[in-house]
Amino acid sequence: MGMQGALQLLYPPQCISCAAPVQSDFGLCADCWRDTPFIAGLVCDQCGMPLPGQDAGERALCDDCMTIARPWDRGRAALMYQANGRNLVLALKHGDRMDLARPAAAWMMRAAQPILRPGMLVVPVPLHWMRLFRRRYNQAALLSRLIARAAGLEHCPDAVSRKRSTGNQDGKTRDARFANLAGAFGVPKAREARLRDRDVLLVDDVMTSGATFAAATEALLAAGARSVSVLGLARVAKDG
Ligand SMILES: [Zn+2]
Ligand SMILES: [Zn+2]
């Protein structure tokens, strides 16, 4: 028995969602897998929203991305913010389940395959320092670090910073979310040289209206980034 086998006897692998016994580490049991809405098939190339129809290899866009200004190039998300997808995101966000970051990053890596480019700089959306203080860690930075490592890309956790508090976006309309976030982000002077002419992969846990990604993308482009693509763990279907 190798070290791996010995460890599995001590700590039998459990489903990361319901703790039922599973065959291998960092996975979901069959029931939780079925209840987790992973995104597959044809998606909007800019926001990752599932679209009806077959993937014909052409760039497809959803209605929102055709009508809302999206300053970034391409985007993907691993799962829909529904059913067990929502449970997993909330557990990672508020429940101090940092162990969920590893499987979540692996799912995001798979979703990101079509949009990854060699030499990309991986950057998380920052948490406001007040919330960082209360929550103790930025789950977006946790995910972006793991994704950068798995993809063999450079990670820059502090490329984007919040210039002011934006409060809670929950319960705001789409227009209010965009207005609230406009100009909220900046790039520290000390990070501009590292960003210049780089393709950036911007990472967050949840994409709702896209207002946060849009505001952070604008800060990155203003600082000299060549392009920005976005990657979320979960995509919210409609504005709440
Ligand atoms: Zn389970
Ligand atoms: Zn879209």
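Keep in mind that the numbers below use all heavy atoms, side chains included, and drop hydrogens, waters and symmetry copies. By convention here, the first residue in the shown sequence is residue 1. Order of appearance sets the numbers: ligands from 1, and atoms from 1 within every ligand.
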For the Zn ion (ligand 1), angle spanned by Cys15 SG and Cys32 SG (nearest 10°) is 110°

Presence of salt bridge, Asp45 and Arg74, under 4.0 angstrom: yes

Out of the candidates Met49, Arg235, Arg76, only one should pair with Val43 under the side-chain contact (heavy atoms from CB on, under 4.5 Å) rule; please name it. Arg76

Using a cut-off of 6.0 Å, state whether more than 12 heavy atoms not belonging to Gln54 lie near its atom CD. no

Do Arg226 and Asp73 sit within salt-bridge range, that is, some charged N less than 4.0 Å from a carboxylate O? no

Taking the Zn ion (ligand 2) as the center, what protein N, O or S atoms are found at less than 2.8 Å? Cys44 SG, Cys47 SG, Cys62 SG, Cys65 SG

Do you see a donor-acceptor pair shorter than 3.5 Å between the side chains of Asn84 and Ser17? yes

Test side chain to side chain contact (heavy atoms under 4.5 Å, CB included) on Asp204 and Val230 and set out the steps. CA-CA 8 Å; Asp204 206 355; Val230 303; over 6 Å; no

